[in-house]
Amino acid sequence: MTTDFEQRFLEARRAFVRRDFEKLNDRQQEAVLATEGPLLILAGAGSGKTTVLIHRIANLLKYGRASDSDELPEGADEAMLAALKEGGERGLAAARLDPVEPWRILAITFTNKAAGELKERLTRMLGEEGGDVWACTFHSACVRILRREAERLGFPSSFTIYDTSDVKSLMKHVVKDLNLDEKSFAPPMLLGEISRAKDAQIDAQEYLRRARESGDVRRIRIGEVYVEYMRRLFAAGAMDFDDLIAYTVRLLQQDEEVRRYWQRRFRYVLIDEYQDTNHLQYLLSSLLAGGTGNICVVGDDDQSIYKFRGATIENILSFETEYKNARVIRLEQNYRSTGHILDAANSVIRNNLGRKGKELWTKKDRGDPIRLYVADNEHEEAQYVASTILAAYGRGANWRDHAILYRMNAQSNQLEMSFKRNGIPYRIIGGTRFFDRAEIKDVLAYLCVIAAPTDDLRLARIINNPPRGIGARSVELAQELAQREGLCLMEVLRRADAFPELSRASLKMRQFAALMDGLSESAKELQPDALLDELLEKTGYLRMLEEKNTVEDTARAENVRELKTGILSYMKESGDQTLEGYLADVALYSDIDNYDRDADCVVMMTMHSAKGLEFPTVFIVGMEETVFPGIRSIGEPEEMEEERRLCYVAITRAMRELYLVCARQRMIFGRTTANRVSRFVDEIPETCLEKKNVPKGFGYHDRREELGFLSRPPAAKPPAYAPAPPKKKPAPSVTYEVGDQVRHKAFGKGRLVKMMPMGGDFLIEIDFEAIGVKKLMLRVAAMNMEKL
DNA sequence: CGCACCACAATTTTT
DNA sequence: TTGTGGTGCG
């Protein structure tokens, strides 16, 4: 029974803590103050989710469980209560209840970038203490745990991590060595199957056992591949991305001691983007939080767009059944977008069935209507976007305030060309990632082999790169010998003359082994960055790039130099000067981090990559059936819901202006097609839309298919409009020559200083008063400027 | 062994 | 249309 004093004390304490978080809205405060037990925060787009996460951690560090506990501190008396009411230092001392050591808080995000930002904001807000919070990704958390525990699994604590392409090439070898046909046992399919098995916690032996039981020959073969794949990873002391989590989960489940250690270690576990977790990650979270049961997950079921890579929305939908005493808090006030944009987002997502149900609202005005533009084709679509941005820039907007979102990376091409012609600075996010580039993989492979000469997979990658006369046949032979003798590949190379089979290549092999051994020696003396220089020099890798002297190779050499910058900044930031440390880190790194917010550029990316970002003006291009929603999702209700969530994500990136753009016809993969406007456009209320250049009757009016009314494919459906007649680009009606004074819509006044014929058009250079010389294509420039 | 040519396929992406 | 991977020839 609580006494009157207790009541007053608790009330005063809550008020005291709450004072620190006054700037937050009521829901947000609630989420910050509910520290104990399982908590699900359903955070709509733009609802200040990260802010809540940060403040929640701040609350834990400063006040412990004071805001959410009925427990009084030892020796609580009227004097303490008075101090609480008074505030100040003594009040703080009276309020805090078990403040948490920072390293007892585990905050998990999905990307390194998000983890980095979280860390940065924590340090900024809380000083050094904030930096000691474990803010990391699922994978890096597992690596940290496994570095300590790997030996229990028979792995060296210095295990290496194989990334997607390592794993792909390993799988190719396995398929080949098991004499399977690569067509019917395609490596990507096998890897997918293994990944799913790992997610379901079925290990290789178990998989094979079940396959044999079923008698399904194909499944037995796959089981054998799985076993062999795992055997080779283990032999190489390597784990793939799934293994990092699967092994950690297994250890926590099966090893009492390990489990007890880590469950004691973490008092509070927070998981961001919970809608993107898979089953294994769910298990990991609940195991780690299993000590105290203090698990807080933040997510938005409407923003779940990664089902294709194993995320299961179930984790969020069934949180309340998994955790019986769970509290649920909805954050629905949006601080990002105007009313029209939110109306559109709400109306679109409302068409989905499998959701918790949320409605975003804002105190902001309705703002500008959403603009719908129908272009003739993809060129005109790109030109419309470019002209609109030029006009905005002319009115004083920044380039960086504009983002263009598309469904597939392939769509960026036309936009890119159009931007080049118009002289608009742009940046493309995504596409081939830095660490996926061949030259970067090569150089990293060298570093891996220098650090761990037993790494056969990477050794095979570089053994004849640059070409040094050790052909594929010889490598294969050496690999067979290694397998037979139970040696690693490098050992065979070192002793190449002991194997007469290698006759012809043996000298080259010994030379190469000596080269690598020499570099391994240097690695003991040199810092990683200096080692990189030595490696590039001694292996002739840089020379190879320089000699070719093509545009691509110059870019490659540039990338290699960029890698050195990366190594230096790793050494500086982590304080770690070891090669091994860098390599371990780099395996988990991607280059989304390279998104430089300072550069003033228009940003182009897929809708997927845009998640978590916001821009004053957003263009969503390719708003057509078969493009968005993509052809593969049409007729598949589940897939369609995912596309719709993607649409919701895309719309809610916009703060003030949103443009939806589509083309009456478009060339995709070399074929011209005419598509109806996206059904998602139809789901937006007319009152939010301002239509431009939209022909009468142009629209998607047929939802029967999606609703499951069509069991048979419909008879050839007529396009909703006739294809536009091909128009020739208008030649500029005004003629220009060097020396002309012009006024450009975006760049202002300038003088034409150079004209060069190029592909039926002219590349012109204009010296603008405001920004100096700029290169443009005449035809497009002519549309945006006048002669003075 | 290295290079050139042809067939083929082709969302979305992080770790 | 573009890029990649496999095959065949010099």
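Below, chain A is the first sequence line, B the second, and so on; all start at residue 1.
The phosphate of dG2(B) has OP1 or OP2 within less than 4.0 Å of a side-chain N or O from N464(A).
Interface limits on DNA chain C: the 5'-most and 3'-most nucleotides within less than 4.0 Å of chain A heavy atoms are dT1(C) to dG6(C).
What separates CG of L280(A) from P of dT15(B) is a distance of 17 Å, to the nearest Å. Following rounding to the nearest Å, D240(A) (CG) and dT14(B) (C1') show an atom-to-atom distance of 14 Å. The interatomic distance linking H139(A) (NE2) with dT14(B) (C1') rounds to 7 Å, in whole Å. Note: NZ (K198(A)) to C1' (dT15(B)) measures 13 Å, nearest angstrom.
Applying the salt bridge (charged side-chain N to carboxylate O under 4.0 Å, His left out) test to E501(A) and every residue at least two apart in sequence or in another chain returns R484(A). Judged as a salt bridge (charged side-chain N to carboxylate O under 4.0 Å, His left out), and not counting sequence neighbours, the contacts of E642(A) are R645(A). In terms of the salt bridge (charged side-chain N to carboxylate O under 4.0 Å, His left out) criterion, E480(A) has no residue partners (sequence neighbours excluded). The ring pair (Phe, Tyr, Trp, His ring centres under 6.0 Å) check on F155(A) picks up F234(A), Y247(A), with sequence neighbours excluded. Scanning for salt bridge (charged side-chain N to carboxylate O under 4.0 Å, His left out) contacts around R510(A) gives D497(A), with sequence neighbours left out.
At a threshold of 4.0 angstrom between heavy atoms, the contacts of S474(A) are confined to the sugar-phosphate backbone, with no base atom among them. Counting any heavy atom pair closer than 4.0 Å across all strands shown, A472(A) reaches sugar-phosphate atoms only and no base atom. I470(A) comes within 4.0 angstrom of sugar-phosphate atoms only, judged by non-hydrogen atoms across all strands, and of no base. Among the heavy atoms of the strands lying under 4.0 Å from T164(A) is at least one base atom, whether or not backbone atoms are also near. When heavy atoms are screened at a 4.0 angstrom cut-off, K172(A) is found touching the sugar-phosphate backbone but no base atom.
Interatomic distance, Q411(A) CD to F628(A) CZ, rounded to the nearest 0.5 Å: 10.0 Å.
Ring pair F308(A)/H608(A): centre-to-centre distance below 6.0 Å.
For residues 174-190 of chain A, the pairs satisfying salt bridge (Lys or Arg N to Asp or Glu O under 4.0 Å) are K176(A)-E476(A), D177(A)-R232(A), with sequence neighbours left out. Evaluation of the salt bridge (Lys or Arg N to Asp or Glu O under 4.0 Å) test over residues 403-413 of chain A, restricted to residues two or more places apart or in two chains, returns R407(A)-E643(A).
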Could you encode protein contacts along nucleotides 3-13 of chain B as a string, one character per nucleotide from 5' to 3', using B for base contact, S for sugar-phosphate-only contact and - for no contact, with a heavy-atom cut-off of under 4.0 Å?
-> -------BBBB
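Glycosidic conformation, dT11(B): syn, with the torsion inside 90° of 0.
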